[in-house]
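Please read the structure below before turning to the comments.
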Amino acid sequence: MAKKESSFVNMVLTLFVVTAIAALALGGVYNVTKEPIAIAKRLKIKKAIGEVLPEFDSIIETKILPQGGKDSLTFYETTNQGEVVGTAIRTYTDEGFSGRFWIMVGFVNEDIISGTSVLEHKETPGLGDKMDKKKSDWSFQFKNKDLTKYKLSVTKDGGEVDAITAATISSRAFCDAVQLAYDELKKQEGE
Amino acid sequence: MNQVQNFTKGFIKDNPVFILLLGLCPTLAVTSTAFNGLGMGLATTFVLVMSNVVVSMVKNLIPDKVRIPAFIVVIASFVTIVELTMQAYLPALFESLGIFIPLIVVNCVVLGRAEAFASKNNVWSSIVDGMGMGLGFAFALTLLGAVREILGSGAIFSFKFIEGDGILVFILSPGAFIVLGYLIAIMNRFKKA
């Protein structure tokens, strides 16, 4: 078969056909994978909530934009057989060593942290990433702390949180994210 | 060139990473563990084989002057298919490879093989070429990832065999350059011998 000539009509037609076929194929794949992607995302959120809160069976989700904040927090109010278990909050900070990171914080009895879990971050491997509980047990120190009494800042700043060695900025940012979640939670209760 | 040579050239003689030095951006960025390197390599292999097949099939239907945009559309479509499929069925891997999956589009290995090989050869040779080059790329990335993981975190494929922290620099970006440099040196030594 001879090579097609590069005439105007030929080029326009070829590109049109190529892009049309590509669009059809992608549309098809998108439809097939839409459901599994949504399920995978929901599972991930559910797992993250499960890590910071005791057992629950239903979730009510609300998004709240903090005053002056750049992105909204997501509140997951959970109940188990009708009884309130606690609230998991997907929160973030922009103070991280490599910019924004997201964590999940669980609160029970309004003021007590039931657990924390890092969702996504870009902190330095080997230093700042120790805040992830897969890397070290640093983040367990927040468990069961009552925020009405507990001073949520690193010891260098006069608080009670032991910073990660050589990653004070990441540790500070972590406290910042938890604080943001707590402040918003209090605001919600006040209303 | 027979098909066996056509296939094996991707591993040593024309290895995309060690010899041709193509596609170094994902090579350096994702290989902090052996598993990430393997995942990235296999995703690239899939895109490479599929785009080679399509390009070699339609090579005579595409006018010369618009061949590059047409090839890029083909490659981009396959990359998006990989991205969506991975997001749906392998969310954990998708998360660790993150931004680098969409970037397979601009990986010069893929367009390079479409332009230099598939647009001049038949479908069968193009499949073999795509497999060879892709697996060679995967092999290089896995090797690089494995060395960095062993030195950097004392583990391989997340299986930890040395307690403690390892040599941090190998997990960070400079470590990628250092390990790649040494691996290229070793490969060149072998090639000469």
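Here is the naming used below: chain letters follow the sequence lines, and residue numbers restart at 1 for every chain.
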Is [X] linked to [Y] within one hydrophobic cluster, defined over Ile, Leu, Val, Met, Phe, Trp and Tyr using a side-chain heavy-atom separation of less than 4.5 Å?
X: B:M57; Y: B:V49; answer: yes
X: A:Y92; Y: A:L65; answer: no
X: B:V179; Y: B:I171; answer: no
X: A:V17; Y: B:I75; answer: no
X: A:M131; Y: B:L172; answer: no

Determine whether more than 12 heavy atoms belonging to other residues, nucleotides or ligands lie under 6.0 Å from atom [atom1] of [X].
X: B:K120; atom1: NZ; result: yes
X: A:F97; atom1: CZ; result: no
X: A:K46; atom1: NZ; result: no
X: B:F35; atom1: CZ; result: no

Side chain, backbone, both or neither: which part of A:K34 has a non-hydrogen atom closer than 4.5 Å to chain B?
-> neither

Counting only heavy atoms closer than 4.5 Å, note whether A:T19 contacts chain B via side chain, backbone, both or neither.
-> both

Rounded to the nearest 0.5 Å, what separation is found between the CD atom of B:E83 and the CD1 atom of A:I37?
->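 Going from CD on B:E83 over to CD1 on A:I37, the span is 8.5 Å.
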
Give me the one residue out of A:V18, A:I21, A:L15 that meets side-chain contact (heavy atoms from CB on, under 4.5 Å) with B:V73.
-> A:V18

From B:L84, B:T80, B:I81, residue fulfilling side-chain contact (heavy atoms from CB on, under 4.5 Å) relative to A:Y30 =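 Looking at B:L84, B:T80, B:I81, the match for A:Y30 under the side-chain contact (heavy atoms from CB on, under 4.5 Å) is B:L84.
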
Region of B:Y89 in contact with chain A, defined by heavy-atom distances below 4.5 Å | side chain

Could you name the residues of residues 122-132 of chain B that have a heavy atom within less than 4.5 Å of a heavy atom in chain A?
-> none

So which heavy atom on B:Q87 is nearest to which on A:A40, and how close?
->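 Heavy atoms of B:Q87 and A:A40 come nearest at O-CB, 4.2 Å.
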
Could you pull out the closest heavy-atom pair between A:L26 and B:S77, with the gap in Å?
->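 Minimum heavy-atom contact is CD2-O, 3.4 Å.
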
Ring pair (Phe, Tyr, Trp, His ring centres under 6.0 Å) filter on A:F107, not counting sequence neighbours, yields A:Y182

